[in-house]
Amino acid sequence: MPKSDSSSFDIFGLLSENTEEKAKKKRRQELLEPTGVKELFEEGKISVNKFTCVGGQCKLCIKACPTNALYWTTSGVGITEDLCVYCGACVLCCMVDDCIKVERKREDGKTERFSKPKDVIMLQEKINGQKRLERVKSVFPDTDVYCDRYRKK
């Protein structure tokens, strides 16, 4: 009898990964529930450069964090990764560029990276502009024809 490709497929490994992932999501929901903050991003990463951080003097990022994911330690700003919702409030408040780096993935699969207040503002402006255009298109369905005319000029 010929060997099938399914013999090399580890279904138990997939099940255990799925179980771990579900447990992690459940724990995250339990931690975020008391804060009242909605989770908007599927996944993300946050890091603080301890060499450029002057958190001991300002602690602005810690005060700005809506979920208390950032906290002060003797060696600098610490991060509770399970609490972070990757909102960017810490980056907006930080007075040192490229000190806090955030990378997040949206529901549509787009990945966003920022580490300066200007980057966060530009990203939000782009997103809001797209939302405004979608609203205009929903109210005026023939808008595409007019927009295309003006783009060609």
Checklist entry - Are Ile79 and Ile62 joined in one hydrophobic group, where the rule is that I, L, V, M, F, W and Y side chains link up if heavy atoms are under 4.5 Å apart? => result yes
Checklist entry - Between Arg104 (side chain) and Gly44 (backbone), is there a donor-acceptor pair under 3.5 Å? => result no
Checklist entry - Salt bridge check: are Arg106 and Glu112 linked by an N-O gap of less than 4.0 Å? => result yes
Item to check | Distance (rounded to the nearest 0.5 Å) between Lys63 NZ and Cys58 SG | outcome: 8.0 Å
Checklist entry - Can you hop from Tyr71 to Val85 via hydrophobic side chains spaced under 4.5 Å? => result no
Checklist entry - More than 12 heavy atoms of other residues, nucleotides or ligands under 6.0 Å from NZ of Lys50: is that the case? => result yes
Item to check | Whether Thr52 side chain and Cys99 backbone form a donor-acceptor pair below 3.5 Å | outcome: no
Item to check | CD/Gln130: more than 12 non-hydrogen atoms of other groups inside 6.0 Å | outcome: yes
Item to check | Gap between atom CZ of Arg135 and atom CZ of Phe140 - 0.5 Å precision | outcome: 13.0 Å
Checklist entry - Within a strict 4.5 Å, meaning less than it, do heavy atoms of the Pro117 and Cys94 side chains meet? => result no
Checklist entry - Hey, is the main chain of Leu83 close enough, under 3.5 Å, to the side chain of Thr80 for a donor-acceptor pair? => result no
Next on the checklist: Taking side chain to side chain contact (heavy atoms under 4.5 Å, CB included) as the criterion, tell me which of Val77, Val48, Ile100 meets it with Cys90.
Outcome noted: Ile100
Checklist entry - Does Val91 share a hydrophobic cluster with Met95, counting links as ILVMFWY side-chain heavy atoms below 4.5 Å and allowing steps through other members? => result no
Next on the checklist: Around atom CD of Glu81, are there more than 12 heavy atoms from other residues, nucleotides or ligands closer than 6.0 Å?
Outcome noted: yes
Checklist entry - Linking I/L/V/M/F/W/Y whenever any side-chain heavy atoms sit under 4.5 Å apart, do Ile127 and Val102 land together? => result yes
Checklist entry - Out of curiosity, does Ile121 fall in the hydrophobic cluster containing Phe41 (side-chain heavy atoms, cut-off under 4.5 Å, transitive links)? => result yes
Next on the checklist: Could you tell me if the side chain of Lys118 sits less than 4.5 Å from the side chain of Met122, heavy atoms only?
Outcome noted: yes
